[in-house]
Amino acid sequence: MMSSDKSRWGFLPAVVFTTLMIGLPVLLLFVLGFLDIDRGTFTGKFSLQGYASVVSDPFYAEVFLRTLWIAALVTLLCLVIGYPIAYLFYRAKGRWKGVILLIVLAPLLTSTLVRTFGWMVILGREGALNQALLGLKIISGPIEFLFTLKGVLIGMTQVLLPYMVLPLMASLETVAPVLEEAAINLGASRWQVFWRITVPQTIPGISGGVSLVFILAFSEFPVPALLGGATFKILPVYIYQTMAILLDWSRGAALASILLVGSGLVVLLIQRFFRKITPWTQPS
Amino acid sequence: MSITKYAALLVFAGLFFLAACKSKGAHSDASELVVVSYPGEAQIPYRKFLSDPFEQKNPGVTVRLVPSESEDVVAQIKAARGASPYDVITLGVPRQITAVQEGWVEQTPRGDLPNLNHVYPQFISACKNTGIPETYSLIGIAYNPDKVPAPTSWSDLWNPVYRGKLGMTTPASNLGFGMVVMAAKLFGGSEDNLAPAWPKLRELGPFVVAPSPEALAQLFERGEVSIAPMWNNDAAILALHGLKLVFVQPLPGAIVVVSCMDVIKNSGQVSLGRKFLNDEISADFQSHLAQAPWYFGPTNRDVAIPADSAAYMPSTLKGLDSAVYFDWDKAVLHRGEATEEFNREFSR
């Protein structure tokens, strides 16, 4: 009887908490887009102007697509860099596992803001990276990293890398070594084992990491705002400007809603794609 | 756990949450005065010569200085809808005009501000007879003499020798807005017509856009920019730190911007806020503000402008006659669209 009660009501606090703390603010955000707000003051009227001004303006479509493109690029970079790190962790023995885990987790010990300020010092025209490249005579003049897409990609990849590596590590830990050994015994090369045995088994981890990093990259604000400059063309920067500087809350809410829905749709597509390429993970 | 226990737990959590919300309000501490002031080193005189002595004069009162020149503070005040997290705010004249029109700063009774009798009347009217005129500053051009030649006029910024070395701020700050209005006026526009500014500003590119004046000063420090429109106070502080930087009051003149200080309407600390405003325009505090390295222009007529300030501001009030005064009443009507236009035009 007790067990039945638990299963019936155990989820209740989570539902209440999620509804109050996430569902309600998101709902208010959508509604805010339908209010007529003049420089932060509600005029008492409802209007479609907030959403209409966003949907009818090709500039925002361009910003949306660019945000999508940057988020996809960052996700790809995190996967390409993150997988070897996770694989190294999987192959490591004894204390090396702890060392790698510490290196992966270390960036999470400081805030994004602090790390981004660090990148500003490193990536500046007279920063450490340019000084090193100039010193080694690899370049003849400083490379512009700050306030360019290059700088933003470097910063966002570093900040979001742990969110890719951690699900991959967890996923690799579930790979049965016996399958790899069997493949080798049957004549497969190490490369074939990696691509045909190891990677397919970690697709749930790849799917989780890709979804997580994409969501975070798509809505990332501090890194592009600091490393890309005040006019870096990305949706979260425009949401901030519209809300906090122009005080056009209905248009800002419309932009934020589009960001939220867009992000959700893309993640849905990602999940569907991975489900399709891994039919064996689905219940028959 | 049974449903009854869960319900009790949820009710308890809800009550705790409501109690926390209620006790928070605008202030967690009844004797705290929260003042939005300048960021960085410009805040030092406010701490040393204004808020610390204010705390000593008013035992039990603490003053919290919040450093910000950013418009998002205004967004927070408006979002709080009468329960502002701040009590007193510094606003440049362009923002002061909007704040008075929107009615979220209080019209402090003149009787509560005896020191206002010592303030130049033209500054009082610049602040729309609301709050107090605390200082005035100049927007000029700062440059690194090791990297670029000296500019003498605003139109020199269009000299190709500065291409790729220029820094700007968005019109969200008074500094950036001042530059847009200046560009419009230089090339056939006016405070009412900013359109001529856009093609001319485009000619200045590529330039770095900083989100705020303090961020622009940091870019100067890190060598990202070698020339930029800048506040005289920021230039003076950077030069004091040994940075190779010269401040120019370019022709036809540096732009004068008066700063006002107001008590926010419905603040929980109206009475303390008014006292703070009165101390702000005292001859004692203003004479500290006018000293190196801050060089904030004194609005109290009993305060002499220090002679060593010549590199950063006219050493007499009469010298300000050669500076540029914009018709901010007209210009602020176009600020929102100017900010949006700038962000679109120079996005990358």
Side-chain angles (χ1 to χ4, degrees), chain A residues 1-2 4-6 8-13 15-17 20-21 32 37-42 53 57 59-60 62-63 66 117 120-121 123-127 130 142 144-149 152 225-226 228-234 237-238 240-249 251-252, chain B residues 1-7 9-10 13-14 17 70-81 98-99 101-104 164-165 167-173 176 206-212 215-216 218-219 221-226 335-340 342-348:
Chain A
M1 190 62 197
M2 281 299 281
S4 157
D5 265 358
K6 207 181 230 177
R8 198 179 301 162
W9 300 108
F11 63 89
L12 199 62
V15 170
V16 172
F17 185 83
L20 277 177
M21 300 298 170
L32 201 61
I37 297 169
D38 181 27
R39 270 193 63 82
T41 308
F42 178 43
S53 64
D57 192 337
F59 176 77
Y60 289 118
E62 190 191 326
V63 175
R66 186 174 141 98
F117 273 113
M120 288 180 84
V121 175
L123 298 176
R125 198 180 277 189
E126 295 173 4
N130 266 318
E144 298 290 342
F145 287 111
L146 271 189
F147 315 118
T148 66
L149 181 59
V152 173
L226 290 170
T231 52
F232 191 73
K233 206 189 282 181
I234 197 164
V237 170
Y238 280 92
Y240 169 76
Q241 283 173 357
T242 311
M243 286 289 214
I245 309 293
L246 300 171
L247 302 180
D248 189 345
W249 293 349
R251 184 150 49 113
Chain B
M1 196 184 279
S2 69
I3 175 66
T4 326
K5 281 180 183 168
Y6 265 126
L9 191 68
L10 283 175
F17 178 72
S70 174
E71 185 81 2
D72 55 7
V73 167
V74 175
Q76 287 172 36
I77 292 167
K78 300 195 86 168
R81 303 176 73 81
T98 319
Q101 282 167 356
E102 293 173 350
W104 54 268
K165 295 167 184 167
M168 299 269 273
T169 48
T170 75
S173 70
F207 52 76
V208 173
V209 181
S212 61
L216 183 67
Q218 287 167 8
L219 292 178
E221 270 181 311
R222 286 201 300 270
E224 297 296 328
V225 299
S226 303
R335 187 172 196 159
E337 64 202 64
T339 306
E340 195 161 3
F342 187 95
N343 291 340
R344 285 179 180 227
E345 188 75 38
F346 302 108
S347 62
R348 56 181 192 172

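At a 4.5 Å heavy-atom cutoff, the contact between A:Q241 and chain B is made by side-chain atoms alone. With a 4.5 angstrom heavy-atom cutoff, A:F17 does not touch chain B via any of its atoms. In this structure, the portions of B:V209 lying under 4.5 Å from any heavy atom of chain A include both its backbone and its side chain. With a threshold of 4.5 angstrom between heavy atoms, B:E102 approaches chain A through side-chain atoms but not through N, CA, C or O.
Partners of A:E144 by side chain to side chain contact (heavy atoms under 4.5 Å, CB included), not counting sequence neighbours, listed by chain and number: A:R125, A:T148. Residues that satisfy the side chain to side chain contact (heavy atoms under 4.5 Å, CB included) test with B:A210, not counting sequence neighbours, are B:T169, B:A215, B:L216, B:L219.
In this structure, A:E126 CD and B:E221 CD are separated by 12.0 Å, a value rounded to the nearest 0.5 Å. To the nearest 0.5 Å, the span separating CG on B:N343 from CD1 on A:I245 amounts to 8.5 Å. The CG atom of A:L247 lies 10.0 Å from the OG1 atom of B:T98; values are rounded to the nearest 0.5 Å.
Side-chain atoms of A:D57 and B:R344, non-hydrogen and from C-beta on, do get closer than 4.5 Å to each other. Side-chain contact between A:M120 and B:R222 is present, with heavy atoms from C-beta onward closer than 4.5 Å.
Across every non-hydrogen atom of A:A230 and B:T170, the tightest pair is CB-CG2, 3.7 Å.
In terms of heavy-atom pairs under 4.5 angstrom with chain A, the leader among B:A75, B:P211, B:S347, B:G223 is B:S347.
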